[in-house]
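First up is the structure itself, then whatever we jot down about it.
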Amino acid sequence: MKFAGIWFLVLIVSGPVNAAGVDCAIGPGSASAANAGSLETLQWAPFRRPERGWAVYAPRIAVETGSDCPATSRGFAAALARWQGEHRRAATGVLDPDTFAVMQLKWTLDRRFVFETRDGNCPEPPAPDRLAPARLAESYGGKTILVRKDALAAYRRMIAAARRSPDEFDPQWFSIFSGFRAPVDDDLRCITDGNCQGVVRAACSAHRTGLAIDMHVGNAPGFRPDSSDDTNRRAMVKTLAYRWLLTNAARFGFVNYVFEPWHWEWSPPQPPASKPA
């Protein structure tokens with residue numbers, strides 16, 4: 001009884017702890033209070049479109065910093081402070097635009113497509129024999145979806161692993177609603193939308209490589225699974241599908257364009273270049 005009483009006292013003083021024994025309590029602390037204040041109110045435009053708050057990016061930031069505590073907790077702030085110190089930032093534990101910009105650059109360069117097009121070169125689409133159709137059960141709404149064969153094989157390994165996990169996923173989650181898009185198709189979409197170099201449409205799209213996959217990871221009521229409306233994106237990042245991908249997709253070579261929770265690109269690490277003899 002004394003042992004149980006000691007643990008009860010610890011929980012009262014420290015608050016809830018996670019599996020690693022980290023204090024995840026929502027409580028006093030200048031950093032956690034600052035994060036709680038800005039989570040829904042920060043006025044900024046990290047992707048050139050005005051946004052309010054950073055709740056959409058909180059799950060990705062938590063994975064980046066190795067925290068599984070809520071964004072408004074002391075544990076999250078402590079993990080963020082460690083990350084800031086490791087990346088030569090002031091270890092305040094407060095999520096600010098400058099800290100996010102460092103993370104954003106890192107995530108951007110993880111996308112092989114972005115790294116390879118940094119000089120303004122746009123890759124040629126793959127030859128038709130390098131593409132393969134997704135199975136009917138893999139495509140959203142029965143659409144015909146083409147993906148580069150190696151990326152499609154990696155996608156299937158990843159989704160098989162997800163289905164083996166104890167999480168209960170909606171049957172539609174992880175289905176593909178966009179894969180390879182020929183350059184002419186992207187050009188037409190840009191013209192139709194009148195936004196060829198905006199946040200949502202790009203004249204040189206990763207989809208032309210056949211390595212980009214748009215997956216259904218959930219949606220808010222009344223929204224399509226690819227709507228970039230902030231309400232929809234906030235709903236997506238709360239789903240089990242998105243959280244599973246954040247934690248596991250890198251093992252299969254996939255990285256996320258964090259503005260779009262549904263957009264994942266096969267970007268496996270490249271082998272080091274051999275030295276000339």
Side-chain angles (χ1 to χ4, degrees), residues 6-111 199 217-218 220 228-250 255-261:
I6 291 173
W7 273 109
F8 181 69
L9 178 61
V10 169
L11 288 175
I12 291 177
V13 174
S14 301
V17 296
N18 62 14
V22 176
D23 182 3
C24 288
I26 310 298
S30 57
S32 57
N35 289 332
S38 67
L39 183 66
E40 301 291 348
T41 63
L42 179 65
Q43 301 283 353
W44 63 334
F47 291 91
R48 294 182 292 151
R49 189 177 84 178
E51 296 187 53
R52 182 179 177 88
W54 49 278
V56 169
Y57 309 111
R60 183 65 184 87
I61 295 168
V63 170
E64 176 66 30
T65 59
S67 173
D68 57 2
C69 293
T72 55
S73 69
R74 294 193 293 264
F76 181 95
L80 180 58
R82 287 193 297 272
W83 188 95
Q84 289 169 321
E86 292 167 357
H87 291 78
R88 300 182 180 180
R89 314 297 298 176
T92 63
V94 176
L95 193 282
D96 57 78
D98 287 342
T99 296
F100 186 83
V102 177
M103 293 183 180
Q104 184 180 355
L105 177 61
K106 177 179 179 294
W107 301 335
T108 298
L109 294 180
D110 283 343
R111 298 171 58 199
V199 176
V217 295
S228 63
D229 185 277
D230 287 350
T231 298
N232 199 41
R233 296 192 301 134
R234 283 169 175 258
M236 289 178 180
V237 300
K238 296 177 182 178
T239 68
L240 286 175
Y242 182 72
R243 299 299 180 95
W244 190 92
L245 288 169
L246 278 186
T247 305
N248 296 281
V255 297
N256 176 226
Y257 170 44
V258 71
F259 180 80
E260 298 179 345

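By convention here, the first residue in the shown sequence is residue 1. All values below come from the heavy atoms of this structure, side chains included, with hydrogens, waters and symmetry mates left out. Keep in mind that this is a model prediction, so the values were computed, not measured.
- Side-chain N or O atoms of Trp44 include one that pairs as donor or acceptor with a backbone N or O of Gly53 at under 3.5 Å.
- For Val237 against Val56, the heavy-atom pair with the smallest separation is CG1-O, 3.4 Å.
- We find the CD-CH2 distance between Glu64 and Trp107 to be 6.0 Å, quoted to the nearest 0.5 Å.
- Salt-bridge formation is not detected for the pair Glu86/Arg82: no Lys NZ or Arg NE/NH1/NH2 atom is positioned less than 4.0 Å from an Asp or Glu carboxylate oxygen.
- By the side-chain contact (heavy atoms from CB on, under 4.5 Å) test, Ala235 is found to be paired with Ala220, residues two or more places apart in sequence or in another chain being considered.
- Rounding to the nearest 0.5 Å gives a distance of 12.5 Å between CG of Leu105 and CE of Met103.
- In this pair, Tyr57 and Phe100 present their aromatic rings tilted. The plane angle is within the 30 to 60° band.
- Applying the salt bridge (Lys or Arg N to Asp or Glu O under 4.0 Å) test to pairs two or more places apart or on separate chains, those with a residue in residues 233-249 are Glu40-Arg234, Glu51-Arg233, Asp230-Arg233.
- Within the structure, the salt bridge (Lys or Arg N to Asp or Glu O under 4.0 Å) test picks out no pair touching residues 91-104 (sequence neighbours left out).
- A distance of 11.5 Å separates CG of Asp68 from CZ of Phe76, quoted to the nearest 0.5 Å.
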Which pairs of donor and acceptor atoms, one on a side chain in residues 87-95, lie under 3.5 Å apart (sequence neighbours left out)?
unit_1, atom_1, unit_2, atom_2, d
His87, ND1, Trp83, O, 2.8
Thr92, OG1, Val94, N, 3.1

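- With sequence neighbours excluded, the residues satisfying side-chain hydrogen bond (donor to acceptor under 3.5 Å, both in side chains) with Arg111 are Glu265.
- Partners of Thr231 under the side-chain hydrogen bond (donor to acceptor under 3.5 Å, both in side chains) rule, at least two apart in sequence or in another chain, are Asp229.
- Between the CG atom of Leu42 and the CG atom of Asn35 there is a distance of 10.5 Å, given to the nearest 0.5 Å.
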